[in-house]
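The structure appears right after this line, and notes come after that.
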Amino acid sequence: MFTLAHLSDIHLSPMPRIRRRELMSKRMLGYVNWHRGRKYVHRREILDLITRDIVEQKPDHIAVTGDLVNLGLPEEFLRAADWLHHLGPPSKVTAIPGNHDAYVRLHPKAGTHHWRPYMEANAAGERLFPTPPEQFPFVRRLGDVALIALSSAIPTMPFIAAGKVGSAQRTLLANALDRTKQANLFRVVLIHHPPLRSQAGWHRGLRDAGRLTNVLKQHGAELILHGHNHAQTVLELPTATGPAIVVGVPSASEAVEGRSPAARWNEYGIARKGDGWRVAMVGRSVGAAPVDIWESERRLLRDG
Ligand SMILES: [Fe+2]
Ligand SMILES: [Fe+2]
């Protein structure tokens with residue numbers, strides 16, 4: 001059995017010291033939001049509990065689906081690279097960006113470039129599907145499992161948290177899904193924004209959710225993991241190759257007493273069964289009094 005951990009929406013704190021010239025319009029609003037409320041919601045001590053729990057459970061691989069930082073400050077990207085390193089080496093951890101990681105446009109050598117070893121194909125994945133010059137989608141092959149990683153992160157106007165995959169990535173995704181299916185692998189699609197149109201409105205949602213859903217329906221996938229909504233959701237999308245299970249996970253730093261569900265990560269146990277797959281999910285959440293991690297859910301998602 002292969003074990004895959006999924007966590008998302010790290011929203012790393014504390015906020016680094018910020019220079020006046022770094023407070024351009026969008027950051028200014030985000031900065032005010034952070035100090036008015038978000039810093040009480042996304043807490044470092046909660047993230048550290050989740051991080052330690054994942055490391056102790058020793059999953060075969062870990063997927064991080066974006067929003068590692070908050071305002072897109074250069075120092076935040078360096079600190080997030082440090083946190084990733086803590087989680088595990090690039091061979092064991094795959095990351096993709098979220099809307100907060102594209103908060104403002106940065107120099108190509110700054111920003112998510114610092115996470116590059118975590119955001120690229122491995123040799124086995126590259127043989128199945130060569131990475132395009134745009135970097136996404138990239139494929140990592142891990143035994144019987146293929147991770148197909150998308151970027152939905154685009155810079156937007158203030159108060160807009162929307163995302164977009166775009167036509168180039170959608171075409172390449174179709175190809176990557178076909179090739180990994182031909183290789184008889186369990187296909188896991190990683191995306192920050194929830195992929196289905198019903199899952200988020202215009203201000204926060206994926207602008208091309210409908211078109212992405214069509215690609216997924218036509219080419220199939222076994223599991224689609226996302227973040228962004230800071231909530232646990234399990235949906236099923238019928239596809240040409242059988243049902244794709246779509247799972248969103250709460251933020252990995254969310255405080256227990258907030259409006260959104262407390263921090264959680266999910267572990268998937270994936271094994272071949274007959275011609276199909278057996279997939280079980282275990283949810284591990286932060287609980288109050290004492291503040292600690294507990295197994296909050298155990299669920300069989302498919303059985304052959
Ligand atoms: Fe987020
Ligand atoms: Fe997000």
Side-chain angles (χ1 to χ4, degrees), residues 1-8 54 57-65 88 90-96 118-131 136-150 169-170 172-192 194-196 212-213 215-227 233-249 265-283 297-304:
M1 188 176 69
F2 184 86
T3 53
L4 175 67
H6 175 219
L7 72 164
S8 196
I54 296 176
Q57 298 291 322
K58 297 192 176 69
D60 292 317
H61 201 82
I62 303 170
V64 185
T65 52
S91 61
K92 290 271 184 190
V93 181
T94 301
I96 56 167
Y118 294 89
M119 290 198 315
E120 57 189 13
N122 61 7
E126 190 75 36
R127 277 196 294 278
L128 276 172
F129 178 81
T131 307
F136 295 97
F138 67 83
V139 173
R140 284 187 171 191
R141 182 181 177 167
L142 310 153
D144 282 346
V145 173
L147 301 182
I148 302 162
L150 296 168
Q169 257 193 104
R170 290 197 309 269
L172 292 161
L173 170 67
N175 196 248
L177 290 170
D178 288 348
R179 290 196 194 182
T180 45
K181 175 68 181 171
Q182 282 156 15
N184 197 16
L185 302 178
F186 184 88
R187 297 165 294 174
V188 184
V189 174
L190 305 178
I191 181 167
H192 176 68
L196 310 181
L212 175 67
T213 302
V215 172
L216 293 166
K217 274 184 174 171
Q218 283 164 21
H219 299 268
E222 280 62 51
L223 186 63
I224 302 169
L225 301 180
H226 70 87
T233 49
V234 179
L235 296 168
E236 217 175 88
L237 177 73
T239 81
T241 63
I245 301 156
V246 182
V247 190
V249 70
W265 68 281
N266 290 321
E267 184 176 78
Y268 298 90
I270 301 160
R272 276 192 200 278
K273 188 171 181 187
D275 285 341
W277 302 93
R278 185 181 194 277
V279 186
M281 177 183 74
V282 175
E297 192 177 6
R298 187 171 276 263
R299 179 168 170 180
L300 191 60
L301 294 176
R302 80 184 262 181
D303 195 18

Scanning both residues in full, the closest heavy-atom pair of Met1 with Asp60 reads O-OD2, 3.7 Å

Can you find a pair of side-chain heavy atoms, one from Ile54 and one from Leu7, that are under 4.5 Å apart? yes

Approximate separation, where rounding is to 0.5 Å, of Asp275 CG and Lys273 NZ: 12.5 Å

From CA spacing to verdict: side-chain contact (heavy atoms from CB on, under 4.5 Å), Leu225, Val189: CA-CA 6 Å; Leu225 301 180; Val189 174; over 6 Å; no

Show the nearest heavy-atom pair for residues Leu150 and Phe136, with the distance to one decimal. C-CD2, 3.8 Å

Would you please test Thr180 and Phe129 for side-chain contact (heavy atoms from CB on, under 4.5 Å) and show each step? CA-CA 8 Å; Thr180 45; Phe129 178 81; 5.9 Å; no

Can a donor-acceptor pair be found, under 3.5 Å and without considering hydrogens, that links the side chain of Asp144 to the backbone of Ala271? no

Compare all side-chain heavy atoms of Glu222 with those of Val188 and state whether any distance is below 4.5 angstrom. no

Atom pair OG1 (Thr3) and NZ (Lys58), whose distance is rounded to the nearest 0.5 Å: 11.5 Å

Ala221 and Leu177: which non-hydrogen atoms are nearest, and at how many Å? CB-CD2, 4.2 Å

Should Lys181 and Leu185 be marked as a side-chain contact (heavy atoms from CB on, under 4.5 Å) after you check the CA-CA gap, both sets of side-chain angles, and the distance that decides it? CA-CA 6 Å; Lys181 175 68 181 171; Leu185 302 178; over 6 Å; no

Rounded to the nearest 0.5 Å, what's the gap from CZ on Arg140 to OH on Tyr118? Could you check? 9.5 Å

Decide yes or no for Leu235 and Ile245: does some side-chain heavy atom of the first lie under 4.5 Å from some side-chain heavy atom of the second? no

Residues Asp178 and His219: side-chain donor-acceptor under 3.5 angstrom: yes

Counting C-beta onward and ignoring hydrogens, is there a side-chain heavy-atom pair between Val247 and His6 closer than 4.5 Å? no

4.5 Å side-chain heavy-atom contact, Asn266 and Glu297: no

From Thr65 atom OG1 to Ile96 atom CD1, the distance as rounded to the nearest 0.5 Å: 5.5 Å

Counting only N and O atoms by type, is there a donor-acceptor contact under 3.5 Å from the side chain of Arg179 to the main-chain atoms of Leu128? yes

Distance, nearest 0.5 Å, that separates CG of Leu4 from CE of Met281: 12.5 Å

Smallest separation among heavy atoms of Val279 and Tyr268, with atom names: CG1-CD2, 4.3 Å

Does Val145 reach the side chain of Arg187, with side-chain heavy atoms less than 4.5 Å apart? no

With distance as the sole test, does Thr239 use its side chain to make a donor-acceptor pair with the main-chain N or O of Ala244 at under 3.5 Å? no

Does Leu142 form a side-chain contact (heavy atoms from CB on, under 4.5 Å) with Thr94? I'd like the steps, not just the answer. CA-CA 11 Å; Leu142 310 153; Thr94 301; 5.5 Å; no

If you take all heavy atoms of Ala5 and Trp265, which pair is closest and at what distance? CB-CZ3, 3.5 Å

Got a donor-acceptor contact below 3.5 angstrom from the Glu126 side chain to the Thr131 backbone? yes

Distance-only polar pair, side chains of Ser8 and His226, donor-acceptor under 3.5 Å: no

Using modelled atom types only, decide if a donor and an acceptor are shared between the side chain of Arg141 and the backbone of Asn122 within a distance under 3.5 Å. no

Testing the basics here: between Glu267 and Pro59, what is the closest heavy-atom pair and its distance to 0.1 Å? OE2-CB, 3.7 Å

May I ask you to test the Leu190-Ile148 pair for a side-chain heavy-atom distance under 4.5 Å? no

When rounded to the nearest 0.5 angstrom, what is the spacing between CD in Gln169 and CD1 in Ile191? 8.0 Å

Is there a side-chain contact between Leu216 and Leu196 (heavy atoms, below 4.5 Å)? no

